[in-house]
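Report on the following structure.
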Amino acid sequence: MRRGCMSAGDTLCDNCGRMVKHPDQYLALDESDLLTGDGMVEELQKERPERFADLKAKHGPLHLCFECALKKGYARYRVDKGEKSVTFFEK
């Protein structure tokens, strides 16, 4: 399940390693919801094996900062009633 969240404290992006500060948005994403072919798990396993091991041990969701979610295709901009907003939902 995809969950759009507001950081209440310091949250670490699992893709780029950037700290998501309060009140920035981030995406909590279950591993079963990963898009095919994005290579995020493989990159995480290769470039940040310690974080990958932590994720596997706790069986928790992946956290993506807004920029990484947008770049990987998990977030998009939407125009509704003339206002531009961000959504983490699928099309």
Distance, nearest 0.5 Å, that separates [atom1] of [X] from [atom2] of [Y]:
X: Cys5; Y: Asp24; atom1: SG; atom2: CG; answer: 12.5 Å
X: Lys72; Y: Leu29; atom1: NZ; atom2: CG; answer: 11.5 Å
X: Leu70; Y: Leu64; atom1: CG; atom2: CG; answer: 11.0 Å

side-chain hydrogen bond (donor to acceptor under 3.5 Å, both in side chains) partners of residues 8-18, not counting sequence neighbours, each pair once: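 Every side-chain hydrogen bond (donor to acceptor under 3.5 Å, both in side chains) pair that includes a residue of residues 8-18, provided the two are not neighbours, is Ser7-Thr11, Asp14-Arg51, Arg18-Glu67.
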
Same cluster (ILVMFWY, side-chain, under 4.5 Å), Leu27 and Met6: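 Leu27 and Met6: separate clusters.
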
Co-members of the apolar cluster containing Leu12 [side chain, <4.5 Å]: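 Its cluster mates, by chain and number, are Met19.
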
Tyr26: hydrophobic cluster co-members (side-chain, 4.5 Å):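 Taking Ile, Leu, Val, Met, Phe, Trp and Tyr as members, Tyr26 shares its hydrophobic cluster with Val20.
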
Partners meeting salt bridge (Lys or Arg N to Asp or Glu O under 4.0 Å) with Asp30 (sequence neighbours left out):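 Counting only residues at least two positions away or on another chain, Asp30 forms a salt bridge (Lys or Arg N to Asp or Glu O under 4.0 Å) with Arg3.
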
Nearest atoms (heavy-atom pairs only) where Cys65 meets Cys13: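 Closest approach of Cys65 to Cys13: N-SG, 3.3 Å.
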
Ring pair (Phe, Tyr, Trp, His ring centres under 6.0 Å) contacts in which one or both residues fall within residues 3-24, not counting sequence neighbours: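 Output for this query is empty, none listed.
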
